[in-house]
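Working notes, beginning with the structure itself.
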There are 2 protein chains.
Amino acid sequence: MAGKRVTIKMIAQEAGVSPATVSRVVNNKRNVRPELAERVREAIRKLDYHANEVARGLVRGTVDTFGVVVPDISNTFFSRICKAIQNTVMPTGAAVFLHNTDGILNRERQIIKELASKLITGIFLVAPRMPATEIRTLADELGVYPVVVDARVENCRLAAVWVDNVTAFIEASEHLISKGHKRIGFIAGPLAVANSKDRLDGYRIALRNHGIKEDTSLIYESDFTIAGGYKTAKEMFRKRNPPTAVLCSNDLMAVGVLSYLHKQGVEVPSEISVVGCDDIDVASSLSPPLTTVSQPIYELGVTAAQMMLQYTSTNEVPPNSILHAKLIIRNSTSNVQEGKSESETHPAEQLSHNVQKRDNR
Amino acid sequence: MAGKRVTIKMIAQEAGVSPATVSRVVNNKRNVRPELAERVREAIRKLDYHANEVARGLVRGTVDTFGVVVPDISNTFFSRICKAIQNTVMPTGAAVFLHNTDGILNRERQIIKELASKLITGIFLVAPRMPATEIRTLADELGVYPVVVDARVENCRLAAVWVDNVTAFIEASEHLISKGHKRIGFIAGPLAVANSKDRLDGYRIALRNHGIKEDTSLIYESDFTIAGGYKTAKEMFRKRNPPTAVLCSNDLMAVGVLSYLHKQGVEVPSEISVVGCDDIDVASSLSPPLTTVSQPIYELGVTAAQMMLQYTSTNEVPPNSILHAKLIIRNSTSNVQEGKSESETHPAEQLSHNVQKRDNR
DNA sequence: CCTCTCCTTGAAAACGCTTTCCAAAATAGC
DNA sequence: GCTATTTTGGAAAGCGTTTTCAAGGAGAGG
């Protein structure tokens with residue numbers, strides 16, 4: 001191994017100047033005669049010199065690198081955010097560490113510390129499980145710039161960008177309600193995640209606004225996966241008095257629901273309407289094409305990256321950024337089936353904030 | 001910013017020993033009195049010391065970090081490989097840089113150099129565009145361990161793991177042939193990618209073995225995306241004498257094909273059979289569930305990571321590893337439609353190795 | 001009791017770069 | 001033409017580790 005590396009000294013020697021001068025040229029400081037500078041650049045080109053970023057990092061106390069911490073890279077939603085962050089940050093010459101937490105809080109903590117020990121400049125926390133105050137404290141302690149992505153974080157001197165999920169889900173629910181649906185099933189993501197909670201809240205608010213009593217037997221907590229959606233649909237439709245529409249907290253679960261329904265020979269949307277969230281790439285290619293709350297995924301990443309760049313250069317916490325989702329109506333939703341809307345109104349149950357906990361595999 | 005960092009000297013002082021001793025304790029060298037070691041560990045715990053990985057990297061000449069270079073992270077296939085690599089490598093305490101090339105050869109080169117300047121230990125090149133010999137040369141020059149993932153690389157003293165795509169696609173084609181299909185459309189990925197080429201070869205071999213004349217008007221080159229598949233299907237089925245089945249080089253393109261066919265009101269599989277490749281997570285949840293060549297994606301990543309670990313610890317190029325794909329028959333394929341098989345046999349065209357180039361957006 | 005090992009420990013020298021400090025050179029001001 | 005000021009480039013001091021080297025101490029063998 002160990003190909004001989006070109007160091008700054010070699011360049012200095014080649015150009016007949018001191019290492020200090022080479023450094024100045026490399027870092028575009030003034031105070032070096034143009035003629036000399038050219039000679040140095042020549043040498044750099046000739047020997048194909050690349051500064052040792054590690055040595056540079058040691059003296060500067062920070063390395064031009066960011067960490068991205070996500071629950072699950074293999075989930076398209078997150079991988080698209082990663083891509084956006086990377087594309088935005090790359091032109092500045094920065095690299096990006098990627099880390100998976102599998103949604104485990106402790107792993108999140110550990111990863112942040114490990115990243116800090118590598119002297120990275122900043123960390124993007126995507127859909128973190130950690131409470132905002134802890135993030136703030138930890139980041140200050142470790143001397144790292146944090147930017148929270150896709151989680152509502154307020155009043156914490158913490159840079160964050162998120163989507164207004166409450167409004168989005170009010171809109172999604174109202175879409176269904178306007179089609180005459182009254183029994184609307186809801187499949188939430190893990191409620192420990194703020195977004196899941198907000199989406200559920202949007203659903204509840206919409207129901208309340210339209211005078212529909214909430215039926216907790218229609219609300220399920222799942223895990224954002226296809227399998228989770230499938231399984232939940234199975235439970236949901238096994239009960240008597242099933243919903244006429246189901247609103248899912250993300251597309252993957254909607255895919256699972258669609259798959260279950262298809263297997264059971266249930267027609268979508270004529271018999272059951274289905275709505276997802278995210279607008280992942282396959283959403284428009286499903287059959288039927290999925291009506292979904294389109295999250296500005298790429299924009300989420302780009303905005304986060306821009307905030308980070310601003311944050312690190314000005315050292316001022318940039319203001320939060322709230323993005324808006326958009327309901328995309330495709331063919332998985334339609335008017336409620338004849339006779340289904342009123343017939344089987346459920347005996348009113350108490351409004352309860354408990355939802356059934358499900359085994360999240 | 002700049003939370004004061006705990007250094008080895010502070011630990012040394014706290015424990016009343018020299019930095020050298022602390023270092024020895026941290027790195028589990030023996031030759032340090034147990035009692036002293038305990039005192040040091042105590043200090044480490046007390047001050048929450050984490051060694052500065054950058055300084056450590058500088059003296060060691062290498063940092064315990066790997067780079068993963070993929071064409072597109074937002075593609076599930078690649079993001080699943082990344083995840084596998086990471087999960088395998090993480091327990092050793094190594095971190096992972098992620099880089100996107102968008103399939104651009106020059107960016108691949110540049111990224112590799114940048115990574116090398118960060119003194120990383122090894123690079124995983126996933127589906128690289130670079131020729132194997134260049135990889136070997138560059139890696140030697142930069143002093144970095146390369147492992148090639150998902151690309152057939154032979155006779156190059158280069159560690160690589162790939163899937164036997166030729167056999168896989170012979171099998172997939174034969175599945176279709178056994179159902180009576182004779183006019184089988186083929187949608188290839190970018191033919192600059194070895195895998196795409198191999199899959200096409202498998203298709204050709206199968207046809208030849210069964211005495212079916214190759215019709216180049218049925219072979220298209222696309223770009224592995226849903227949109228690409230959709231567009232190609234459109235062209236393919238616009239021509240007179242269209243195929244009765246289409247074999248796609250990946251699932252995403254198959255999704256595009258399915259979507260086009262669905263839009264046109266064409267029934268799958270009764271009218272047209274469709275086969276994909278990869279077995280991405282949604283494949284089994286499509287309607288109809290997609291018959292596909294299941295790539296051992298996760299295994300690909302895990303194997304690559306294990307090879308890397310072995311490579312870096314023994315400094316010997318580990319032997320190549322060839323994995324096998326498996327045809328998963330679901331419901332997107334069926335017997336050829338009545339009368340379609342023999343009726344419109346196409347005027348024999350010369351066997352040609354040219355395929356039509358398509359605009360790959 | 002002395003010598004020879006072996007083990008433990010600390011001092012100091014790298015690692016490759018940036019940056020500060022200084023002296024020399026160049027320019028300006030009178 | 002002489003002092004005052006600004007440029008310019010080199011020497012050297014770190015940055016936080018690991019690692020080498022040598023010294024000191026303890027134990028063993030004679």
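Numbers restart at 1 for each chain; the letters A, B, ... are given by sequence-line order, proteins then strands.
- Residue A:Ile8 places its side chain closer to C:dT18 than to any other of D:dT19, C:dT18, C:dA11.
- The aromatic rings of A:Phe124 and A:Phe66 stand perpendicular to each other, their planes meeting at an angle above 60°, with 30° marking the opposite boundary.
- Within the nucleic acid shown, B:Thr21 comes within 4.0 Å of sugar-phosphate atoms alone, with no base atom in reach, counting heavy atoms only.
- Counting atom types as modelled, A:Arg24 pairs a side-chain N or O with a base atom of D:dG9 as donor and acceptor under 3.5 Å.
- Nucleic acid contact class of B:Val26 (heavy atoms, under 4.0 Å, all strands): none.
- Along DNA chain C, the nucleotide nearest B:Ala55 and the nucleotide nearest B:Val32 are compared for position; the residue whose nucleotide lies closer to the 5' end is B:Val32.
- Axis angle between the ends of the helix from C:dC1-D:dG30 to C:dC30-D:dG1, five pairs each and rounded to 10 degrees, works out to 40°.
- At least one side-chain nitrogen or oxygen of B:Tyr49 sits closer than 4.0 Å to the OP1 or OP2 atom of D:dT17.
- Using a 3.5 Å distance cut-off with no hydrogens or angles, the side chains of B:Gln310 and B:Gln306 do not pair a donor with an acceptor.
- Picking from C:dT8, D:dG16, C:dC17 the nucleotide with the shortest atom distance to the side chain of B:Asn31 gives C:dT8.
- Contacts between residues 59-67 of chain A and DNA chain C, defined by a heavy-atom separation below 4.0 Å, involve A:Val59, listed by number.
- Every residue two or more places apart in sequence or in another chain that forms a side chain to side chain contact (heavy atoms under 4.5 Å, CB included) with B:Ile322 is listed here: B:Trp162, B:Asp164.
- Spacing between atom NE2 of B:His50 and atom C1' of D:dG16 amounts to 16 Å, rounded to whole angstrom units.
- Within the 4.5 Å cutoff, side-chain heavy atoms of B:Lys83 are placed close to those of A:Asp102.
- At the phosphate of C:dT18, OP1 or OP2 sits under 4.0 Å from a side-chain N or O atom of A:Arg56.
- At whole-Å resolution of the value, CG in B:Asn52 and P in D:dC15 are 12 Å apart.
- Going from atom NZ of B:Lys9 over to atom P of D:dT18 covers 13 Å, rounded to whole Å.
- The A:Val17 side chain lies nearest to D:dG10 when the options are D:dT8, C:dC17, D:dG10.
- Distances shorter than 4.0 Å separate none of the side-chain N or O atoms of B:Lys29 from OP1 or OP2 on D:dT18.
- Within the nucleic acid shown, A:Ser23 comes within 4.0 Å of at least one base atom, counting heavy atoms only.
- Looking at heavy-atom distances under 4.0 Å, B:Val54 makes no contact with the nucleic acid at all.
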